[in-house]
**Student:** 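Would you mind keeping the following structure in view while I ask a few things?
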Amino acid sequence: DALLRPRGDRRLAAAPGGNVLLRGADGRALACRVLEFAAPAGSATIGYLWRSEAEFLDGAPAEGAGRFRQAFDAAPVPICVLDGDGRIQQGNPALRAFLGLDATGRALVELVVDSDVARLAAWLRQSAAGAAERNALGIALKPDRSGEERPATLYAGPAPARDGRVGLVVHLLDAREQRRLEREVARDQRIKTLGATAAGVAHEFNNELQKIQAACDSLFTRHGTASDPSFEDVAQVQNSVNAAKEIIAGLLASARQQ
């Protein structure tokens, strides 16, 4: 096989199981995965490396390409292969179903909302260079026919392009359900806060009603006969206190239920 050397004279792998890009003697980029471990003597490092499966999409042996193509097409999550310019070379059926169109030949950044374009472009460049600070990025795709934006989480890994530059294999995970759950959690938290506030107000108001009730009881001892000119006024206050107590009881019951 071709003589291989790390791109940029970097270490082969920072950790066992890491991804690394090598350059063949013919100048072509090769995406590889490395397993390295120390030799028994501890004075040397032994490593195994193998070509990334992503390369099967770009001219690998037919048998391997067939196996990978089968897995690629059957994958339940949207996957696309980007060339060195960030354009979609290939996409699986799940990608076409998620996007609602065949985006082959289009730049991935064209498919996201304007506010996410610059952020996505920078992240793709960093991912291709192996310098991304995070391996996932949350974005929103442009609205579909219903006018609804489609949030998604992207994961990217390096893949060699036909022109020798480094492309990417990108997985898109539909984040709509996650966002819906987040909204429900936020709503539930608001309801819980509102319930606690209502309960606190109801208790405070109930304390004031107890004071009014005590004053009514005192007034009835002095004006408790129907012939007293103040009797009707005191009775009206008592009726209002009773009605307020029912309102407070309903508010407390609602707060406990929420």
Side-chain angles (χ1 to χ4, degrees), residues 14-15 17-19 21 31 33 52-58 68-161 166-195 258:
N19 293 315
L21 292 172
R33 197 160 177 79
S52 167
E53 286 186 322
E55 192 174 0
F56 286 138
L57 289 174
D58 195 27
F68 185 79
R69 169 57 66 182
Q70 203 170 29
F72 181 75
D73 288 343
V77 298
I79 307 174
C80 61
V81 180
L82 307 183
D83 62 17
D85 295 320
R87 294 187 175 277
I88 298 175
Q89 279 186 315
Q90 301 182 57
N92 66 347
L95 178 72
R96 292 190 290 274
F98 184 43
L99 298 179
L101 53 86
D102 183 357
T104 303
R106 297 182 61 179
L108 185 60
V109 294
E110 296 177 7
L111 305 177
V112 303
V113 295
D114 293 342
S115 57
D116 284 340
V117 169
R119 196 162 57 93
L120 174 58
W123 182 75
L124 291 176
R125 288 194 300 270
Q126 293 165 1
S127 297
E133 295 181 358
R134 49 188 175 179
N135 66 345
L137 181 71
I139 54 92
L141 297 170
K142 288 180 178 178
D144 55 16
R145 293 178 180 176
S146 67
E148 180 184 6
E149 288 185 1
R150 292 157 295 168
T153 302
L154 309 186
Y155 295 85
V166 178
L168 291 168
V169 175
V170 179
H171 292 69
L172 296 84
L173 298 187
D174 189 345
R176 284 177 291 191
E177 181 65 16
Q178 177 185 342
R179 299 291 173 84
R180 185 187 67 80
L181 293 175
E182 289 173 352
R183 287 194 297 267
E184 286 187 0
V185 169
R187 183 199 62 191
D188 290 346
Q189 185 59 47
R190 289 194 299 270
I191 291 175
K192 185 181 294 185
T193 301
L194 179 59
Q258 295 296 343

**Student:** Could you tell me which non-hydrogen atom of Asp83 sits nearest to which non-hydrogen atom of Asp85, and how far apart they are?
**Tutor:** OD1-N, 2.9 Å

**Student:** What verdict does the side chain to side chain contact (heavy atoms under 4.5 Å, CB included) test give for Arg87 and Glu110, after you've listed the backbone C-alpha separation in whole Å, the side-chain angles of each residue and the deciding distance to 0.1 Å?
**Tutor:** CA-CA 9 Å; Arg87 294 187 175 277; Glu110 296 177 7; 3.8 Å; yes

**Student:** With a 4.5 Å heavy-atom cut-off, do Leu141 and Val113 have their side chains touching?
**Tutor:**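 A side-chain contact is absent here, since even the closest heavy-atom pair is not under 4.5 Å.
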
**Student:** Determine whether Leu111 and Arg106 make a side-chain contact, defined as any pair of heavy atoms from C-beta on separated by less than 4.5 Å.
**Tutor:** yes

**Student:** Less than 4.5 Å apart, any side-chain heavy atom of Gln189 and any of Ile191?
**Tutor:** no

**Student:** Could you give the side-chain donor-acceptor pairs of residues 121-135 under 3.5 Å, partners two or more places apart or in another chain?
**Tutor:**
{"unit_1": "Trp123", "atom_1": "NE1", "unit_2": "Arg134", "atom_2": "O", "d": "3.0"}
{"unit_1": "Ser127", "atom_1": "OG", "unit_2": "Trp123", "atom_2": "O", "d": "2.9"}

**Student:** Using the rule given for side chain to side chain contact (heavy atoms under 4.5 Å, CB included), can you reason through Leu82 versus Val170, listing the C-alpha separation, both sets of side-chain angles and the distance that settles it, and then say yes or no?
**Tutor:** CA-CA 7 Å; Leu82 307 183; Val170 179; 3.7 Å; yes

**Student:** Is any side-chain heavy atom of Leu95 less than 4.5 Å from a side-chain heavy atom of Ile79?
**Tutor:**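 Leu95 vs Ile79: side chains apart.
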
**Student:** Let me check something: any side-chain donor-acceptor pairs from residues 150-158 under 3.5 Å, sequence neighbours excluded? List them with distances.
**Tutor:**
{"unit_1": "Arg150", "atom_1": "NE", "unit_2": "Lys142", "atom_2": "O", "d": "3.3"}
{"unit_1": "Arg150", "atom_1": "NH1", "unit_2": "Phe98", "atom_2": "O", "d": "3.0"}
{"unit_1": "Arg150", "atom_1": "NH1", "unit_2": "Leu99", "atom_2": "O", "d": "3.2"}
{"unit_1": "Arg150", "atom_1": "NH2", "unit_2": "Lys142", "atom_2": "O", "d": "2.6"}

**Student:** What is the minimum heavy-atom distance between Leu172 and Val77, and which atoms define it?
**Tutor:**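 Closest heavy-atom pair between Leu172 and Val77: O-CB, 4.4 Å.
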
**Student:** Hey, could you give me the CZ/CZ distance between Arg190 and Arg187, rounded to the nearest 0.5 Å?
**Tutor:**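 Interatomic distance, Arg190 CZ to Arg187 CZ, rounded to 0.5 Å: 8.5 Å.
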
**Student:** Mark yes or no for whether Arg96, through its side chain, and Gly91, through its backbone, hold a donor-acceptor pair below 3.5 Å.
**Tutor:** yes

**Student:** Calculate, to the nearest 0.5 Å, the distance between atoms CG and CG belonging to Leu168 and Leu108 respectively.
**Tutor:**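 Here the interatomic distance stands at 9.5 Å.
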
**Student:** Show your reasoning for whether side chain to side chain contact (heavy atoms under 4.5 Å, CB included) applies to Val169 and His171.
**Tutor:** CA-CA 7 Å; Val169 175; His171 292 69; 3.9 Å; yes

**Student:** Using the side chain to side chain donor-acceptor pair (under 3.5 Å) criterion, which residues pair with Asp116? Sequence neighbours excluded.
**Tutor:**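 If we apply the side chain to side chain donor-acceptor pair (under 3.5 Å) test to Asp116, skipping adjacent residues, the hits are Arg119.
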
